[in-house]
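These notes concern the structure reproduced below.
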Amino acid sequence: MSSVEQVRVDAEEAGLRLDRWFKLHYPGLGFGHLQKLLRSGQVRIDGGRAKTDTRLEEGQIIRVPPMQGDAARLKVAPLTANTIRDRHDADVLSQMLIYEDDKVFVFNKPAGLAVQGGSGVTRHVDKMLESWRNRRGERPRLVHRIDRDTTGILVVARTRTAAVALTKAFRERETKKVYWALVKGVPAPKEGRISTYLAKEQTPDGDRMRIAKHGDDGADHALTHYRVIDQVAQSFAWLEMEPYTGRTHQLRVHAAHIGHPILGDPKYFEHDTNWEFPGGVQKKLHLHARRIIIPHPDGGVVDQIAPLPPHMVQTWNLFGFDEAAEGD
């Protein structure tokens, strides 16, 4: 390439970071070289300066300066829709990533993103992991899941052997999982355990879990430990919840079972007609997978904490909760 090019951003490229756009179109251009071109003003967007993390918009014009060597020779053909989708998925995963090594990824999953596919679900983490296959073609593997509307820690294995070890750790309950929840009212006692049996039932609004009796068809034992970290008078409580078992919707059902449902829960939050959702609090599920401690496949442990999602940060600020008050 011996002259300046003015390249228009296509609709399918909207939302990509500028550095990823260059990685797709000019894979021979190193990140350090791109930074130099940006600092010197040789790469511009619509005539203005830009940064590597600038998000592109459809129709913008990218000024691409003359390139030599590998950067010029490795210019790629126009992108396909599938390639763009994969790169979008890879970009989203990168934004979610809070820890990685050669065996493990740990993500901070946002609200509304499903972990696996299902009825009406077209975009989910399991499918997105296709975009992170390694050079041997091996894709990362899920080893557990959290609900679609629950945020926080999601552990993913990078290799088959790591998946076996991590799955075993979850199955044999060698992990410590800590969730944060905001519930209606304040439980008494302020620290305790909830032990029930849970069974799945079909309803017009989809599958739900119900409290069952020992011996009921499909009933599994579920055990949760909880403690109150902070509270707003007798109106709301910030709970730390540790599920010893890992049943579907376990924490949500258990919170509702003791009369203190999780705010924003569309399935299990029931209240009287006079109750009003607190002003300034978003109507989203206030349940967050805060921390996990799990044996590492190569020895030692992975101990990671996920920052609160924006809607819970807003609520915590509104109620004056201090994250440092959580303790150990």
Side-chain angles (χ1 to χ4, degrees), residues 15-17 19-20 23-24 27 31 52-53 55 82-118 121-180 242-243 246 248 251 285 287-310 312:
L16 283 177
R17 286 168 47 125
D19 55 351
R20 292 191 175 278
K23 189 67 175 178
L24 288 167
F31 183 76
T52 55
D53 61 354
R55 297 283 175 178
N82 286 340
T83 303
I84 292 294
R85 185 184 63 247
D86 288 347
R87 293 302 178 181
H88 273 298
D89 288 345
D91 198 23
V92 171
L93 291 173
S94 294
Q95 294 174 54
M96 290 164 48
L97 187 67
I98 57 176
Y99 172 82
E100 69 171 312
D101 58 36
D102 60 351
K103 296 293 178 64
V104 178
F105 289 128
V106 179
F107 297 104
N108 185 9
K109 189 190 77 66
L113 178 60
V115 173
Q116 291 179 298
V121 176
T122 59
R123 191 163 187 259
H124 51 85
V125 174
D126 196 30
K127 184 176 181 180
M128 294 166 67
L129 290 172
E130 287 284 350
S131 66
W132 273 18
R133 287 185 178 272
N134 61 25
R135 294 179 180 178
R136 299 190 300 274
E138 189 175 27
R139 72 187 296 277
R141 294 168 167 83
L142 294 173
V143 293
H144 72 128
R145 57 167 292 170
I146 57 177
D147 294 342
R148 182 174 186 167
D149 292 325
T150 302
T151 61
I153 294 285
L154 182 68
V155 178
V156 172
R158 298 188 67 163
T159 66
R160 182 185 61 80
T161 54
V164 172
L166 292 169
T167 300
K168 178 176 179 289
F170 278 103
R171 184 177 63 248
E172 299 187 357
R173 297 169 183 156
E174 297 173 341
T175 63
K176 178 182 175 67
K177 296 174 287 184
V178 177
Y179 287 73
W180 282 0
E242 292 186 33
T248 300
L251 299 182
L285 182 67
L287 179 61
H288 178 67
R290 172 66 172 180
R291 182 181 185 184
I292 194 163
I293 303 174
I294 185 171
H296 191 281
D298 289 340
V301 298
V302 175
D303 184 351
Q304 290 295 311
I305 291 176
L308 287 171
M312 290 182 69

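Between the side chain of His288 and the backbone N or O of Ala306 there is at least one donor-acceptor pair closer than 3.5 Å. Formation of a donor-acceptor pair under 3.5 Å by the Lys109 side chain with backbone atoms of Arg148 is found in this model.
Taking 4.5 Å as the limit, every side-chain heavy atom of Val301 sits out of range of all side-chain heavy atoms of Ile294. Taking 4.5 Å as the limit, some side-chain heavy atom of Leu285 sits within range of a side-chain heavy atom of Thr150. Contact check for Ile98 versus Phe107: no side-chain heavy atoms found under the 4.5 Å cut-off. Taking the side chain as every heavy atom from C-beta outward, Lys23 and Asp19 never approach each other to under 4.5 Å. Annotation: side chain of Tyr179 is in contact with side chain of Ile146 (closest heavy-atom distance under 4.5 Å). Taking 4.5 Å as the limit, every side-chain heavy atom of Asp303 sits out of range of all side-chain heavy atoms of Ile292. Between Pro307 and Asn108 the shortest side-chain heavy-atom distance falls below 4.5 Å. Residues Leu113 and Met128 form a side-chain contact, since some pair of their non-hydrogen atoms from C-beta on lies under 4.5 Å apart.
Annotation: the span from Glu174 atom CD to Ile293 atom CD1 amounts to 13.5 Å, rounded to 0.5 Å. With values rounded to the nearest 0.5 angstrom, Arg290 atom CZ is found 5.5 Å from Ile305 atom CD1. To the nearest 0.5 angstrom, Leu308 atom CG is 5.5 Å from Trp180 atom CH2.
No side-chain N or O of Arg17 forms a donor-acceptor pair with one of Ser94 less than 3.5 Å apart.
Minimum interatomic distance between Val156 and Pro140 (heavy atoms only, all atoms of both residues): CG1-CB, 3.5 Å. The minimum heavy-atom distance linking His144 with Ile153 is given by the pair CE1-O, 3.9 Å. Contact between Asp91 and Gly15 at its shortest, heavy atoms only, is OD2-O, 4.0 Å. In plain terms, the two heavy atoms of Asp149 and Ala111 that are nearest each other are O-CB, 4.0 Å. The minimum heavy-atom distance linking Thr151 with Pro110 is given by the pair CG2-C, 3.9 Å. Considering every non-hydrogen atom in both Val155 and Val104, the closest pair reads CG1-CG1, 4.1 Å.
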For this session: Could you walk me through whether Gln304 and Arg291 pass side-chain contact (heavy atoms from CB on, under 4.5 Å), step by step?
Result: CA-CA 6 Å; Gln304 290 295 311; Arg291 182 181 185 184; over 6 Å; no
For this session: Evaluate the criterion side-chain contact (heavy atoms from CB on, under 4.5 Å) for residue pair Lys177 and Phe170; output intermediate values, then yes/no.
Result: CA-CA 10 Å; Lys177 296 174 287 184; Phe170 278 103; 4.1 Å; yes
For this session: Report the C-alpha separation of Lys127 and Gln116 in whole Å, then their side-chain angles, then the decisive distance to 0.1 Å, and conclude whether the side-chain contact (heavy atoms from CB on, under 4.5 Å) test is met.
Result: CA-CA 8 Å; Lys127 184 176 181 180; Gln116 291 179 298; over 6 Å; no
For this session: Kindly indicate, with the supporting measurements, whether the criterion side-chain contact (heavy atoms from CB on, under 4.5 Å) is fulfilled by Asp89 and Arg123.
Result: CA-CA 9 Å; Asp89 288 345; Arg123 191 163 187 259; 3.5 Å; yes
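Under the side chain to side chain contact (heavy atoms under 4.5 Å, CB included) test applied with Asp126, the options Arg139, Arg141, Arg145 reduce to a single match, Arg139.
Salt-bridge check for Lys176 with Glu242: passed, with a basic side-chain N closer than 4.0 Å to an acidic carboxylate O.
Looking at residues two or more places apart in sequence or on another chain, you find a salt bridge (charged side-chain N to carboxylate O under 4.0 Å, His left out) between Arg158 and Glu100.
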